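Just follow the structure's listing: the first ligand is 1, and inside any ligand the first atom is 1. Owing to the predicted nature of the structure, the values given are computational and were not obtained by experimental measurement. Along the sequence shown, residues carry numbers from 1.
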Amino acid sequence: MVAVAILAAGRGTRMKSRLPKVLHSLGGRSLLERTLDSCRLLDPKRRIAIVGYQAELVKQTLQHKKELEFVEQTEQLGTGHAVQQLLPYLEGFTGDLLVLNGDVPLLRAETLQKLLQFHKTHQNAATILTAHLPNPQGYGRVFCDGYNLVTQIVEDRDCSAAQKQNHRVNGGIYCFNWQKLVEVLPKLSSNNQQQEYYLTEAIDYLQPVMAKDVDDYLEITGINDRKQLAEAHEILQMRIKDYWMSEGVTLIDPDSITIDDTVTLHSDVVIEPQSHLRGNTEIASGSRIGPGSFIENSRIGENVTAMYSVIVNSKVGDGCRIGPYSHLRGEVTVGDACRIGNFVEMKKAIVGNKTNVAHLSYIGDATLGDRVNVGAGTITANYDGKNKHHTQIGSRTKTGANSVFVAPVTIGEDATIAAGSVISKDVPNEALAIARERQKNIEGWHIKED
Ligand code: UD1
Ligand code: MG
């Protein structure tokens, strides 16, 4: 049986932030949420977050994690003190306790599985996830004997110059035999440079304690300051991009591109420089995104191009050409083979197939049929100062340049709207609507001379 406890009570002083450290975001998800998700393969019996600094905010942010329990550490007296808070909550629990620092967000789920397996096979009192770091500064150093049995963990700030030469560090991830840990938790002292109760002191009283090296040392990157947060971002991006490239996606100038790990890409997608893919976005095969596009929570069909455009909470069908400089602001559904062009803004719009909105338009709260041609500068005037209203334009209708639709208004199919018209009344099928002053020419007219 396994229980998981995540240490998330600290303020994170080195972040110099009002926000608790564990709520800082890495690629769209908080450090704490990422740490929690790394346990997904373990099927723990209990999942507990130890919260303290701004506990209410931390709880609120994670309230969608239904299986998560919260334990409060009202005073933050160190990582050992944090685990001591579990004593009343885990009374009678038998099994292993996996302790994770809430600021170690890059752990792979498989790593924790392996750690637990190793811990069980060796019947250890405790097993510690360790790594050999090129730059171990800031991490606790782990000292072992020739049998990989841990003899001591010394915090960076408590290390002598000689001890600092040891590059094997504590990843802040531990498996404990809970019943054995219960016996030693009350023995922890605060006799160290920070005068805190260190969890790492527990290993002085436990036997056997083994160290297990992680395969990829980048996984145990701990976030204590903004620089480490930026480094973690880079590591995460590298992982995501390597994966998609191995799945047949071309990234042109990968360093200038960012992709959330919640994004799905299909083979032969090409992402051009300076493009950013966020949230629950999916891009189907053969599409070319960018340069310079931002796509969030949207689905893009096959063989679409989207250059210098912003697409949020929207769907784009197959074979569309979007941009340059289109803005699909939200709740937009574009059919197949459409052209949404330069300086076109859309929101809450449904567009049929083979419809063109090619230049300088605002289409909001509107439904457009198939093969509609929206002339340059067409605007749906959807707002009367109080409420939003809907515009409907039937299939095969052509709107002249600079026409305005004063919503609510319905235009039939195969209709034609003369350029420069302000349409405030419905237009039937196959009608020509002209709503502008007829042109008057005054011949032989000159400006009067003084
Ligand atoms: C800790 C380890 C260090 C290890 C490093 C790995 C100790 C004493 N040191 O150091 O050996 O190399 O992690 O990243 O454990 N927290 C609480 N309550 C507290 C104090 C901290 O819940 O009273 C939480 C923090 O919110 C954080 C985690 O524990 O998520 C670790 O605390 P932090 O201060 O970052 O420890 P490090 O100095 O990084
Ligand atoms: Mg830390």
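- Closest N/O/S atom of Asp103 to the Mg ion (ligand 2): OD2.
- In this pair, Tyr174 and Phe176 present their aromatic rings parallel. The plane angle is below 30°, not in the 30 to 60° band.
- Taking CD1 from Ile235 and CD1 from Ile240, the interatomic distance works out to 12.0 Å, rounded to the nearest 0.5 Å.
- Among protein heavy atoms, atom 6 (C) of ligand 1 sits closest to Asn170 O, 3.4 Å.
- Here the protein heavy atom with the shortest distance to atom 22 (O) of ligand 1 is Ala9 N, 2.9 Å.
- Looking only at distances, no side-chain donor or acceptor of Tyr217 sits under 3.5 Å from a matching main-chain atom of Pro134.
- Side chains of Gln85 and His81: a donor on one and an acceptor on the other come within 3.5 Å.
- Residue, atom and distance of the protein heavy atom nearest to atom 10 (O) of ligand 1 are Glu155 OE1, 3.8 Å.
- A salt bridge links Arg34 with Asp261: the closest approach of a Lys/Arg side-chain nitrogen to an acidic carboxylate oxygen falls below 4.0 angstrom.
- A salt bridge links Arg29 to Asp37: one of the charged nitrogens lies within less than 4.0 Å of a carboxylate oxygen.
- At least one N or O atom of Gly102, backbone or side chain, sits closer than 3.5 Å to an N or O atom of ligand 1.
- Counting only N and O atoms by type, the side chains of Lys212 and Asn148 include no donor and acceptor under 3.5 Å apart.
- Protein heavy atom nearest atom 21 (C) of ligand 1, with residue, atom name and distance: Thr79 CG2, 3.9 Å.
- Protein heavy atom at the shortest distance from atom 36 (O) of ligand 1 is Arg14 NH2, 4.3 Å.
- Side-chain atoms of His276 and Glu296 include no donor-acceptor pair closer than 3.5 Å.
- For the residue pair Tyr362/Asn382, the side-chain donor-acceptor check at 3.5 Å is satisfied.
- Within the model, atoms CG of Leu98 and CD1 of Ile48 stand 11.5 Å from one another, a figure rounded to the nearest 0.5 Å.
- Checked by distance only, ligand 1 and Gly138 stay at 3.5 Å or farther apart across all their nitrogen or oxygen atoms.
- When only interatomic distances are considered, the shortest N/O to N/O separation between Gln73 and ligand 1 falls below 3.5 Å.
- Look at Gly52 and you'll find every heavy atom at least 4.0 Å from all atoms of ligand 1.
- Between atom CG of residue Leu133 and atom CZ of residue Arg141 there is a gap of 8.5 Å, rounded to the nearest 0.5 Å.
- Not one N or O of Tyr139 is nearer than 3.5 Å to an N or O of ligand 1, by distance alone.
- Checked by distance only, ligand 1 and Gly140 come closer than 3.5 Å through their nitrogen or oxygen atoms.
- Of the heavy atoms in Val169, none comes closer than 4.0 Å to ligand 1.
- Considering backbone and side-chain atoms together, Ile153 places no N or O closer than 3.5 Å to any N or O of ligand 1.
- On a distance-only criterion, Asn101 and ligand 1 share at least one N/O pair closer than 3.5 Å.
- Between the CD1 atom of Ile153 and the CG atom of Asp158 there is a distance of 12.5 Å, given to the nearest 0.5 Å.
- The Mg ion (ligand 2) has no N, O or S atom of Asn101 closer than 2.8 Å.
- Distance check: Cys39 SG to Leu100 CG gives 4.5 Å after rounding to the nearest 0.5 Å.
- When only interatomic distances are considered, the shortest N/O to N/O separation between Tyr198 and ligand 1 does not fall below 3.5 Å.
- Protein heavy atom at the shortest distance from atom 29 (O) of ligand 1 is Leu7 CB, 3.4 Å.
- Protein heavy atom in closest approach to atom 20 (C) of ligand 1: Gly78 C, 3.7 Å.
- Residue-to-ligand polar distances keep Ala82 apart from ligand 1: every N/O pair is separated by 3.5 Å or more.
- The contact set between ligand 1 and Leu77, taken as ligand atoms under 4.0 Å from a residue heavy atom, comprises 23 (O).
- Residue Lys21 touches ligand 1 through its side chain alone, judged by heavy-atom distances below 4.0 Å.
- With hydrogens and angles left out, the side-chain atoms of Thr127 and His122 include no donor and acceptor closer than 3.5 Å.
- For atom 39 (O) of ligand 1, the nearest non-hydrogen atom of the protein is Asn224 OD1, 3.3 Å.
- Residue contacts with ligand 1: Gly10 is placed with a nitrogen or oxygen under 3.5 Å of a nitrogen or oxygen of the ligand (distance criterion only).
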